[in-house]
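Every heavy atom of this structure was used, including side-chain atoms; hydrogens, water molecules and symmetry mates were not. Here is the naming used below: chain letters follow the sequence lines, and residue numbers restart at 1 for every chain.
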Amino acid sequence: MSRKPLSDLPPNLTLYVNNLNDKINVETVKKSLREVFAAFGGITDIVAMKSLKRRGQAWIIFKEVSAATNALKSLQGFPFYNKPMRINYAKTKSDAVAKADGTYVERPKKIVKREDLRKGKTATPAPAASAAPAAAKPAEASKPTPSQKSIQDRIGWNPQQTVTAPKAVAAKPTGVTEPNKTLFVENLPSEATDTMLSMLFRQYPGFQEVRLIPGRNVAFVDYQNEYQAGMAMQGLQGFAMTPEVKLSLSYARK
DNA sequence: AGCACA
């Protein structure tokens with residue numbers, strides 16, 4: 001009995017993720033991807049860009065193939081900014097890993113030669129380091145991979161449920177909610193006051209009001225639109241209210 | 001839909 005392979009591509013340190021919501025600012029997406037994927041192991045880098053050809057996709061570069069494989073299995077179809085992530089192994093080796101294992105060769109710049117210009121052709125870049133099935137370097141600083149249980153706890157996602165009905169798992173996971181003009185502020189110091197918070201949040205255009213929830217160290221902050229809310233979120237994420245207390249911001253649930 | 005590396 002042969003089972004359906006996880007991927008039609010050979011395992012790779014890098015995962016290729018697409019079907020990402022390209023309405024979301026790429027930096028925001030990268031940050032959220034990191035939060036979600038880091039639960040499976042060390043991440044070297046995440047590459048995502050917003051150009052026409054590259055939007056909606058990201059490359060997650062892991063330190064260990066096993067981590068990539070676990071993430072691939074567990075997060076397949078994970079609802080991320082309201083779209084199920086589609087995950088595969090990357091086709092080729094990332095530059096970052098080629099650099100690390102010494103096989104990196106400078107990528108030829110796309111130079112258009114005059115003759116080719118006439119013919120309407122562009123210089124064909126020779127493929128760089130080949131996509132050899134990530135020769136897993138055994139000696140690698142390996143941070144213990146958190147159990148699958150832990151990520152389910154953190155993001156409220158049970159991979160089993162995707163098999164039959166990925167859409168049914170619409171539960172908005174923590175930290176990956178869809179954009180909203182209202183922000184949810186957590187981890188406030190108990191000394192926080194409305195005035196204090198408006199000072200902070202009114203620096204960002206579109207500010208409307210802040211609602212501190214008594215006794216919960218939590219507040220809601222309204223902006224005129226979700227874009228402005230997003231800007232404020234980026235600007236104030238992790239803001240140190242006191243040396244030991246840092247704000248945690250997300251979009252409020254709808 | 002789209003496999004990049006600024």
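- Rounded to whole Å, atom P of B/dC5 lies 12 Å from atom NZ of A/K30.
- Rounded to whole Å, atom C1' of B/dG2 lies 18 Å from atom NZ of A/K50.
- Taking the six-membered ring for Trp and the full ring otherwise, A/F220 and A/F184 have centroids separated by under 6.0 Å.
- A residue-by-residue look at A/A96 and A/S51 shows that A/S51 has its nearest nucleotide of DNA chain B further toward the 5' end.
- In this model, the phosphate group of B/dG2 is not approached by any side-chain N or O of A/R86 to a distance below 4.0 Å at OP1 or OP2.
- Relative to the ring axis of A/Y104, A/K99 places its NZ or CZ within 45° and under 6.0 Å from the centre.
- Among the nucleotides B/dA1, B/dC5, B/dA4, the one closest to any side-chain atom of A/D22 is B/dA1.
- In this structure, the CZ atom of A/R55 is 17 Å from the C1' atom of B/dC3, given to the nearest Å.
- Here the P atom of nucleotide B/dA4 and the OH atom of A/Y89 are 20 Å apart, to the nearest Å.
- One can place CZ of A/R54 at 19 Å from P of B/dA1, the figure rounded to the nearest angstrom.
- In this structure, a donor-acceptor pair under 3.5 Å is present between the side chains of A/Y16 and A/Q57.
- Checked by atom type, the side-chain pair A/S7/A/N88 shows a donor-acceptor distance below 3.5 Å.
- Put simply, CG on A/N88 is 12 Å from P on B/dG2, counting in whole angstrom units.
- Distances were taken from every side-chain heavy atom of A/R107 (C-beta onward) to each of B/dC3, B/dC5, B/dA1; the shortest belongs to B/dC5.
- Among the heavy atoms of the strands lying under 4.0 Å from A/N19 is at least one base atom, whether or not backbone atoms are also near.
- Atom pair A/N18:CG and B/dA4:P shows a separation of 13 Å (rounding to whole Å applied).
- The nearest whole Å value for the distance from the CG atom in A/L52 to the P atom in B/dC3 is 14 Å.
- A salt bridge links A/R107 with A/D95: the distance from a Lys NZ or Arg NE/NH1/NH2 to an Asp or Glu carboxylate oxygen falls below 4.0 Å.
- Residue-level contact check: A/L9 touches the bases, meaning some heavy atom is under 4.0 Å from a base atom.
- A donor and an acceptor atom never sit less than 3.5 Å apart when one is taken from the side chain of A/T14 and the other from the base of B/dA4.
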